[in-house]
Amino acid sequence: MTEPCYITASCQITPGKVVKDGALLMENENIAPISYLQWLYEQKGYNYPKFYKMDGLSRLGWLAAECLLEGSFDKNRYAPEQVGLICCNRNSSLDTDTRYYDTVKTIPSPALFVYTLPNIVLGEICIRHQFRGENDFFIFERFEPVFLQAYVQQLMQENVFEACICGWLEFLGEAYQACLYLVEKPASKNSVPFTTATIQTIYENTHG
Amino acid sequence: MSDLKAQIVAQLNLQHVKPEDIGDDMPLFAEGLGLDSIDALELIVLLQQEYKLKLNNAEEGPKVFRTVRTMAEYIKSHQA
C-alpha cells in the first residue's frame with residue numbers, strides 16, 4: 001500500500017517576488033531582475049559569504065531553500081542522509097556555461113567552471129544544511145508534475161529518504177523561476193497531500 | 001599593496017570584504033580570509049591577467065599565496 005506523503009511547505013521565487021506557502025513573503029518591483037536575488041539575500045540578513053561566489057542558478061536555489069525551510073522544517077527530526085533533493089529545470093546550467101565559454105577565449109575562470117553543472121545548486125543547499133541524502137537533477141522541456149510526484153513518492157516509499165526538497169529551478173539570463181516543495185511523510189498543520197494536482201496548483205500560483 | 005587587495009576582492013568576488021579589511025600579513029586561507037582551493041586557482045589567474053606572471057612550480061603556491069605581502073613580494077621579484 002502506498003504511504004501518503006504531504007507537502008508541508010512551498011516556496012516560489014520569480015523576479016521581484018517571493019511567495020511562501022501561497023502568501024507573498026517579499027516583493028520589490030523597483031529593482032532589476034538580476035539584482036533582486038542579492039537584494040533578497042541582504043534583506044533577509046543572511047551571513048553566508050559563499051553566496052556571493054555562486055552562479056545565478058545556485059543563488060536562486062539557495063535562497064528558495066532558505067525561504068522554504070525557515071519556520072517550516074525541523075532539522076532534528078531527520079538524520080542528514082534522510083533528507084533528499086530532487087530538482088528539474090529546462091536549461092540546465094546554460095547561463096553559466098555561456099559565461100564560462102566566454103572566459104575560455106582568454107583565461108578560463110575556475111570559479112565559473114565549478115558551476116557548469118546544474119546539480120551544483122543541490123550541493124550548495126546540502127552544504128548549507130548538511131543534508132546527505134539522495135539528490136538528482138533532471139532536465140525537462142517543461143515542468144513535469146507527474147514525473148516529480150511519481151519519482152519522489154517512489155523514493156519516499158522505498159525509504160531512500162524521509163523528507164525531500166523537490167521542484168523546479170530555472171535560471172537563464174534575466175529570467176528565473178524557483179518553485180520548491182518540502183515533502184514529508186507526516187502531515188502537519190496546513191500541509192496538503194503530495195499529489196500531481198497539488199503540485200500543479202502550487203506551481204501555477206507562483207505569482208502569489 | 002592596496003591595489004593588489006582591490007584586485008583580490010574583485011577577482012574573487014568577495015563582496016562582503018573591503019580591500020582595507022585585508023591585513024598585509026593576514027593569512028589568505030583557513031583561519032585568515034578563509035579562501036578555498038577554487039580561490040587559489042583564481043589567484044593564479046589574477047597573477048596571469050594583471051601581472052603576466054605564471055606560477056611555474058605548483059609547490060610555490062602555498063608560500064606565494066600565504067598573505068598579500070608574500071604575493072606582493074613575489075610579483076615585485078618576478079616582474080621585469
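Proteins come first, then strands; the chains are lettered A, B, ... in the order of their sequence lines, and each starts at number 1.
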[atom1]/[X]: more than 12 non-hydrogen atoms of other groups inside 6.0 Å:
X       : atom1 : answer
B:Arg66 : CZ    : no
B:Glu59 : CD    : no
B:Tyr51 : OH    : yes

Non-hydrogen contacts under 4.5 angstrom with chain A: give the residues of residues 6-29 of chain B involved, or none if there are none.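 Listed by number: B:Leu12, B:Asn13, B:Leu14, B:Gln15, B:His16.
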Who passes side chain to side chain contact (heavy atoms under 4.5 Å, CB included) against A:Gln153, sequence neighbours left out?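 Expected list: A:Thr2, A:Cys5, A:Gln149, A:Gln157, A:Phe194.
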Close contacts, residues 100-109 of chain A versus chain B, judged by heavy atoms under 4.5 Å: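 So the qualifying residues are A:Ile107, A:Pro108, A:Ser109.
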Residues of residues 36-52 of chain A with any heavy atom under 4.5 Å of a heavy atom in chain B: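 Within residues 36-52 of chain A, near chain B: A:Gln38, A:Pro49, A:Tyr52.
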Evaluate the criterion side-chain contact (heavy atoms from CB on, under 4.5 Å) for residue pair A:Lys53 and B:Asp39; output intermediate values, then yes/no. CA-CA 10 Å; A:Lys53 296 184 181 186; B:Asp39 295 322; 2.7 Å; yes
Smallest separation among heavy atoms of B:Leu41 and A:Pro110, with atom names: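 Result for this residue pair: CB-CG, 3.4 Å.
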